[in-house]
Amino acid sequence: MSYSFIKFNDEIVDSKIMMEITDLLRLLLKRKEVTVTVRKYSYYNPASNEFNLSFFWKHRTDISEREGFRYDILTRYPSPYIFNYPEYDRMKDREVFAQQVFLSLEYYRNRRTAIEWRPMIRKIIQLGDRIKTDEYQKNASNDAEAFLRSFNIAILEDRENMEAFGESFPLISESTGESITVTEEIIEKLSPQISLNTSYRIHDMPFNEINEFNKTTPFRKDAERLDEKAEEEEEETSRVDTKTDRDADEANMLGETGDNTSRKSAHGRQNPHEDDVSDYHEGFGKNTGDNLMEDSGAINQHAVLNIVKPKIKLSQYKDYQRIFESYNAVAKKVIGDITQILNYKMNAFETRRTTGKLMKNPIGPIIDDSPKLFVKKNTESKELDAAFTVIIDQSFSMTENLEGCRNGVIILNNILKSLDIPHRIVSHHEDTFEVMKNHYPNNIYEHMDFGKSKYYYPISLMDIEASGDNRDGLVIRHETEKLRLRSEKDRFIIMFSDGLPSAEQYNQSGIIDTHEAVQEARKYGIQVINIFIDESNEENTLAAIRNIYDTNTIIVNDPEEIAAALPNLLKRILTKILV
């Protein structure tokens, strides 16, 4: 099977690789909320809690994209533990050359710490080091650039000093403050020798963002204590918590050991606010929408969920009844088939038992010299122990598809209501017209809730309109939480969509976030099924959807096919539960 591709600034990145790399990074950082992006330079940004991978590793024949991205992670993952970010403010307004020397020294600290924590890294990064060395050996345009290239080659060679212009330049620092001091010493020695004016960059860091971050964040400055904390966490954590076997292999390669039984979950952290836990995660109550719960992804930290109960117009009843009746025969066929299975299970007898009521004609067991002369009636329930949530993506791209989805959901409601199966029907979109910096409002429209699903019809579906974008992962998590609290044995989410998730600051990581939301639902025993309307037949998009939902993807080429396809799908699901 081919895999999907995500666009990063007009570049294409394999989403399967991104999922694997994200797992590896979160394993090393022990931070489930960190997100991964691809940019020109590689660095960890504490202000946005993002880890950037470098475009340098794309379109190469000497190393795979996966290995290149892994190189960035393995040489930089200690950053949040060893860097003293408030000290970075001292370098914010310095010239490019000084910043590059400083960042080179900090990068060297990163490498040395990473290898100290996991010695196997030294062997894994050898190929990346050779490629970087070849890159730095290219001709420089001026003396300052030549020095920076040679300086970083010396770092890749694990030297303690670099000789140039008859001087010895130190490469080792033990703290961010010492990196600044060494930078000043290097500049003092170089200034009489060469011009330090250059725009050449090897490393990068968003100094202005970190400066703003430092003003509002009580960042810890005791780097030694942070190192000790990281080591303590490493000792306490022995289980590799990843989604794929490859990630477990990566972790073993990096020196992960233990009996894989004692991993602690970030979900056990205490909510410091007074809100209900579910409201706190969603951005309700006193935590007004910034989703600051520590285990929620940074990609959704500024998303706000607004629950809307749409109004019903009297004029909609007739239109709803017309659609209901036009598909009623199809719904009745499914209802009849499932009812027949239920009746059979209720009336079935189990024969040849050692206890129960004596068989009317026990000749067979007597001839076989068997003590199993009894029968027992099966006491099956008249109701299915299941619950469903139906989610409709009502973003702008669904304009031509909403009518078909609506008709299909009306049939689903008819079948589920007739079988006394509780269900919830919602639609959602991100309100692009109200999006502001650090504030992304998302509306969830409750057309039917569990409590009313056995008695009412989702009439408000008749007024559904396409609008905005779709932040699918956030909505799936919200609905998973609703289903998770229910007592039914079998729980399902049916998701209608026609493309990949797309919303404000969500294009790069939306696929990964939605994939993870689906995996989280399955951990709770909730199956997520995607009804994907694929009129364009784009292989990359289709592959991405399959990556997100795995085998639980139903492809529909025409929205008019939905009403015919859904009853059969629901029948298969319910039959599988019963048989």
Side-chain angles (χ1 to χ4, degrees), residues 276-279 281-282 305 307 309-310 331 334-339 341-342 345-346 380-393 405-406 408-428 444-461 472-497 514 517-531 549-554 562 565-579:
D276 176 75
V277 172
S278 59
D279 288 349
H281 180 73
E282 296 156 13
L305 277 177
I307 305 301
K309 297 187 182 297
V334 175
I335 295 167
D337 291 343
I338 298 301
T339 302
I341 296 174
L342 278 170
K345 289 179 71 67
M346 286 172 56
E380 289 287 340
S381 170
K382 292 183 179 180
E383 296 183 356
L384 281 157
D385 191 21
F388 286 78
T389 292
V390 179
I391 304 175
I392 304 173
D393 165 16
C405 293
R406 178 199 64 194
V409 174
I410 288 174
I411 299 175
L412 282 182
N413 167 256
N414 188 353
I415 297 171
L416 294 173
K417 189 164 69 67
S418 299
L419 295 171
D420 289 329
I421 298 175
H423 54 285
R424 172 176 164 84
I425 300 170
V426 300
S427 60
H428 74 98
I444 292 183
Y445 299 88
E446 289 186 341
H447 301 281
M448 176 70 68
D449 205 1
F450 293 112
K452 296 182 178 181
S453 61
K454 294 185 179 182
Y455 312 104
Y456 294 90
Y457 297 96
I459 306 294
S460 60
L461 283 174
D472 294 347
L474 180 70
V475 175
I476 289 175
R477 286 190 179 90
H478 176 269
E479 296 305 317
T480 294
E481 188 65 20
K482 295 269 185 188
L483 267 180
R484 186 175 71 86
L485 299 177
R486 296 192 62 82
S487 61
E488 285 82 6
K489 177 183 176 183
D490 299 291
R491 293 161 296 174
F492 300 88
I493 290 176
I494 298 178
M495 179 85 173
F496 290 86
S497 68
T514 305
V518 171
Q519 297 302 316
E520 290 165 14
R522 289 176 183 169
K523 288 179 182 178
Y524 294 122
I526 299 169
Q527 292 298 311
V528 183
I529 301 168
N530 181 237
I531 310 297
Y549 298 98
D550 297 331
T551 56
N552 288 354
T553 303
I554 309 298
I562 295 174
L566 277 182
N568 290 328
L569 168 66
L570 188 57
K571 179 181 175 180
R572 291 203 308 271
I573 294 173
L574 298 177
T575 301
K576 187 175 181 180
I577 293 173
L578 291 171
V579 177

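Residues take their numbers from the sequence shown, with the count starting at 1. As the structure is a prediction and not an experimental result, all values here were calculated from the model.
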To the nearest 0.5 Å, what is the distance between [atom1] on [X] and [atom2] on [Y]?
X	Y	atom1	atom2	answer
Met448	Leu416	CE	CG	10.5 Å
Ile425	Tyr457	CD1	OH	12.0 Å
Leu570	Ile411	CG	CD1	10.5 Å
Thr553	Asn530	OG1	CG	5.5 Å
Ile562	Cys405	CD1	SG	4.0 Å
Thr389	His478	OG1	NE2	10.0 Å

Check whether any side-chain heavy atom of [X] lies under 4.5 Å from a side-chain heavy atom of [Y], and answer yes or no.
X	Y	result
Asp420	Leu384	no
Ile307	Glu446	yes
Ile529	Ile493	no
Ile526	Arg522	no
Ile391	Ile494	no
Asp550	Val518	no

Would Phe496 and Leu566 count as a side chain to side chain contact (heavy atoms under 4.5 Å, CB included) if you check the C-alpha gap in whole Å, the side-chain angles of each, and the deciding distance to 0.1 Å? CA-CA 11 Å; Phe496 290 86; Leu566 277 182; 3.5 Å; yes
Please report the closest heavy-atom contact between [X] and [Y], naming both atoms and the distance.
X	Y	value
Asp393	His428	CA-NE2, 3.8 Å
Tyr549	Met495	OH-CG, 3.7 Å
Phe450	Phe388	CE2-O, 3.4 Å
Asn413	Ser453	ND2-O, 4.3 Å
Ala387	Arg486	CB-NE, 4.0 Å
Ala386	Pro422	O-CD, 3.4 Å

Candidate pair Ile573 and Asp490, rule side chain to side chain contact (heavy atoms under 4.5 Å, CB included), full reasoning: CA-CA 10 Å; Ile573 294 173; Asp490 299 291; over 6 Å; no
[X] with [Y]: basic N within carboxylate O range, under 4.0 Å:
X	Y	result
Arg491	Asp385	no
Lys482	Glu479	no
Asp449	Arg424	yes

Set out, in order, the CA-CA distance, both residues' side-chain angles and the distance that settles side chain to side chain contact (heavy atoms under 4.5 Å, CB included) for Ile392 and Leu461, then state yes or no. CA-CA 10 Å; Ile392 304 173; Leu461 283 174; 3.9 Å; yes
Run Asn552 and Val528 through side chain to side chain contact (heavy atoms under 4.5 Å, CB included) and show every step you take. CA-CA 7 Å; Asn552 288 354; Val528 183; 5.8 Å; no
Does a donor on one side chain sit under 3.5 Å from an acceptor on the other, for His447 and Ser427?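 Yes, Ser427 and His447 have a side-chain donor paired with an acceptor closer than 3.5 Å.
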Pairs involving residues 570-579, ordered by first then second residue, that meet salt bridge (Lys or Arg N to Asp or Glu O under 4.0 Å) (sequence neighbours left out): Asp337-Lys571
